[in-house]
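Reading through the structure tokens given below for one structure.
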Amino acid sequence: MNRTGIAFFVLGFIFLVAAGTSSAEEFEIPDAPQEYLDMENPIDEDDVDEDFIKKTHRLYKSKCRKCHGTEGDGEGSAAEDIEIKPTALNAPGYLEGREDGQLFWVTMYGVEGTEMEGFGPESDAGLSEEKIWQLISYMRAKFTQ
Ligand code: HEC
């Protein structure tokens with residue numbers, strides 16, 4: 001191989017390695033089991049008023065904001081250091097395209113292989129199912145665009 005050949009070989013190799021490491025960007029959250037997808041948020045939309053938002057904001061701020069960001073854009077202070085980034089929940093159509101039960105399942109049990117931990121009753125955070133539904137109502141109210 002002459003010099004140009006070697007240069008192309010090296011460039012090709014770098015390209016392949018770079019392509020291999022970009023898989024984090026293509027990460028897809030697994031779908032919740034059907035029994036979860038069939039669930040509906042028990043919280044009535046009419047109860048999601050200013051008071052509700054204020055109260056739930058405190059919980060969101062203490063448990064979720066550092067990754068998902070105040071605006072749900074996935075740019076919280078801790079997101080910088082993690083490999084698989086939290087998706088922008090506030091992207092147009094994102095939350096509308098997700099079932100309540102999907103969001104519930106992820107918040108209960110986390111997403112394997114990512115920094116998204118489970119927050120349900122059996123986790124370290126130990127949030128009740130009711131609190132998790134409140135967070136989902138909060139996210140829908142604040143981040144749907
Ligand atoms: C340490 C960082 C971190 C924290 C804290 C965190 N998340 Fe996540 N979250 C993630 C990551 C990473 C993902 C998965 C990657 C992605 O979003 O594509 C995720 C995904 C999600 C999703 C998307 C589910 C879907 O199927 O579309 C929801 C909803 C969510 N998190 C809610 C929460 C809630 C509610 C809290 C607080 C109780 C929380 N997260 C706290 C990092 C975090």
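Order of appearance sets the numbers: ligands from 1, and atoms from 1 within every ligand. Values below: all heavy atoms of this structure, side chains included; hydrogens, waters and symmetry mates excluded. Since we're looking at a predicted model, the values are computed, not measured.
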Worksheet item: Quick one: angle His68 NE2 - atom 8 (Fe) of ligand 1 - Met116 SD, to the nearest 10°?
Response: 180°
Worksheet item: Does Lys85 come within less than 4.0 Å of ligand 1, judged by its heavy atoms?
Response: yes
Fill in: Short N or O distance, Glu115 and ligand 1, threshold 3.5 Å exclusive
no
Worksheet item: Is Trp105 in contact with ligand 1, taking contact as a heavy-atom separation below 4.0 Å?
Response: no
Worksheet item: Is there a path of hydrophobic side-chain contacts, each under 4.5 Å between heavy atoms of I, L, V, M, F, W or Y residues, that connects Leu37 with Phe104?
Response: no
Worksheet entry | Under 3.5 Å donor-acceptor, Arg65 side chain and Gly76 backbone | no
Discussion item. Under 3.5 Å between any N/O of Thr107 and any N/O of ligand 1: does that happen in this structure?
Written reply: no
Discussion item. My understanding is that we take every heavy atom of each candidate and find the minimum distance to atom 41 (C) of ligand 1. Doing that for Phe143, Phe119, Tyr138, which one comes out nearest?
Written reply: Phe119
Practice prompt. For ligand 1, note which part of Thr87 has a heavy atom under 4.0 Å away: side chain, backbone, both or neither.
Written response: both
Discussion item. Which heavy atom of Gln145 sits nearest to which heavy atom of Glu96, and what is that distance?
Written reply: O-OE1, 4.4 Å
Worksheet, complete the sentence: All heavy atoms of Asp47 vs all of Phe52, minimum pair found to be O-CB, 3.5 Å
Worksheet, complete the sentence: Closest to atom 3 (C) of ligand 1 among protein heavy atoms sits Cys67 SG, 2.7 Å
Discussion item. Below 3.5 Å, N or O to N or O, backbone or side chain included: is there any such pair between Arg98 and ligand 1?
Written reply: yes
Worksheet item: Out of Val106, Leu95, Asp31, Asp81, who gets a non-hydrogen atom closest to atom 22 (C) of ligand 1?
Response: Val106
Item to complete: May I ask you to identify the nearest protein heavy atom to atom 12 (C) of ligand 1, giving residue, atom name and distance to one decimal place in Å?
Response: Ile84 O, 3.2 Å
Worksheet item: Taking atom 14 (C) of ligand 1 as the point of reference, which of Leu103, Leu135, Thr114 owns the nearest heavy atom?
Response: Thr114
Worksheet entry | Asp100 side-chain N/O to Asn41 backbone N/O, donor-acceptor pair under 3.5 Å | yes
Worksheet item: Is the closest heavy atom of Met139 to ligand 1 under 4.0 Å?
Response: yes
Worksheet item: When rounded to the nearest 0.5 angstrom, what is the spacing between NZ in Lys54 and CG in Asp49?
Response: 10.5 Å
Worksheet item: Just wondering, are more than 12 heavy atoms of other shown residues or ligands nearer than 6.0 Å to CD in Gln102?
Response: yes
Worksheet entry | Option from Thr114, Ile136, Val111 for which side chain to side chain contact (heavy atoms under 4.5 Å, CB included) with Val106 holds | Val111
Worksheet item: Backbone, side chain, both or neither: what part of Tyr60 comes under 4.0 angstrom of ligand 1, heavy atoms only?
Response: neither
Fill in: Considering all heavy atoms, the nearest Ala78-Cys67 contact
CB-SG, 4.2 Å
Worksheet item: Looking only at distance, does Lys63 have an N or O less than 3.5 Å from an N or O of ligand 1?
Response: no
